[in-house]
Amino acid sequence: MVKLDDKIEAMQDELVSAVQRLVRIKSVEDIGGGGKPYGKGVADCLAEALKMCGEMGFPTVNMDDQCGWCEYGEGDEMIAVLGHLDVVPEGEGWNYPPYEAVVSDGRIYGRGTIDDKGPVAASLIALKAIKDSGIRLNKRVRIIFGCNEETGAADMKYYLANGGEIPVMGFTPDGEYPLINGEKGIINETYEKDISDNGEYAILHIDGGVAGNVTPRYAEALIKAPKDFIPGNLPEKITVSGKDGNWLIAAEGVAVHAQHPEKGENAIGRLFLYLDTLPFEGSTKEAVSFIAGKIGMETHGERLGCDLYDEISGHTSFNMGVCSSDGKAISVKLNYRYPVTHEYEECQPLVEKAFTGNGWEQKAHQHKPKLYISEEEELVKSLMRVYREYTGDTSGPKSIGGGTYAKAIPNILAYGPIFPGDEVVEHMPNEYVSIDRLVENAKIIAAAITELVGV
Ligand SMILES: [Zn+2]
């Protein structure tokens, strides 16, 4: 692929200007803004991307401003490169204007430069280099421009629900190299239990955690207790203090992302382990003992029975992220993830059964299925072959606990744009992409396309 590489190197300025055109349109989600599904900015950015495709000579489709694509090649089968044009809000702390795509020291700075407008531009340049080299493709290559990756991938749900063609294979340059060939299945659930049945001790209020997918750093409970209540020997990181004739119990934890809860400490679990030492009665006692006894500070769902394991992706990750109570009911928000070679059926029903068996009601449930394509499959072999050839890095593909855009449509995997050891700058102030890395991405993408098509 030396010829393609030379071509792509010669297109560096065109690549930089393509990134700039996309970054200079602020495409933060604004549902319904300007009459567009994800807002005017997102729709304008899609229009700009499609305009660039037109300038390069590719036919395009805009699917109701939900997403769009361009194609090159002939044949029944379609290979997809899936990127997205929406960005997260810029936030504070920038040394460069976030939407000007300033070039400085060999980098382009701006929101979306690495996630994911840079990789989208690199994909376009890769396809143009293939076309300009006169390489004929006997499969169609479709670069899909998603518009809602950052906030739920409703764009790809729309694509699939409205007859969008499913690729035979493909990749999304919206993860990391070498290749992510496994992503755990993710379950988000809320359970609630009535605790109105109180004795001398009662829970008046509980507040812990900020989100299902973060291990809680802090949790507190306000309880009513008899006059002679003595907190006793307090465990580590638990404090008890009087508050307006009641008692405030506070627990400290360590916040980490729920894809690796074992690296943190669950403040809600710690709080309940202490509460369980107090003589609550009735349904309050049932609820407290259940959370303390079945979850506590465990991070794999051991005693709930959902701790699955495989060598590829490790244990089930289990996180109780949020807990609240108004004194009448307790509600807990869970986020748990099962290993890539296991099934939802081996995991979720056990959790649900344990909760409902103790009188909890399921209030919310959402499942993002796992994704796994084995190393024996052509897609994994081809993408790894290209990556190794370009980088000399012989490490294998990875499985992760998080979910990437690859889950949004079938038969694709996350491949690039971030190389091992590169600084992580997505969603941060001063997001940038190095121009060298961008060119390298374009070369790898071009080679991967020709490899998957079988040129
Ligand atoms: Zn992204």
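Numbering of ligands and ligand atoms starts at 1, following listing order.
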According to the salt bridge (Lys or Arg N to Asp or Glu O under 4.0 Å) rule, which pairs have a member within residues 443-452, sequence neighbours left out?
->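 Matches after skipping sequence neighbours: Glu9-Lys443, Arg385-Glu451.
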
Charged tip of Lys370 within 45° of Tyr344 ring normal and under 6.0 Å |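 Not flagged: Lys370 not positioned over aromatic ring of Tyr344.
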
Is the charged tip of Arg24 near the ring of Tyr99: under 6.0 Å from the six-membered ring centre and within 45° of its axis?
->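 No.
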
Identified salt bridge (charged side-chain N to carboxylate O under 4.0 Å, His left out) counterpart of Glu252 within the set Lys237, Arg270, Arg217 |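 Of all the options given, the one that passes is Arg217.
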
Ile125 versus Glu14: any side-chain heavy-atom pair under 4.5 Å?
->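 Yes; the side chains approach each other to less than 4.5 Å.
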
May I ask you to test the Ile180-Phe171 pair for a side-chain heavy-atom distance under 4.5 Å?
->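 Heavy-atom side-chain distance check fails, nothing below 4.5 Å.
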
Identify which protein N/O/S atoms are less than 2.8 Å from the Zn ion (ligand 1).
->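 Metal shell, protein only: His84 NE2, Asp115 OD1, Asp174 OD1, Asp174 OD2.
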
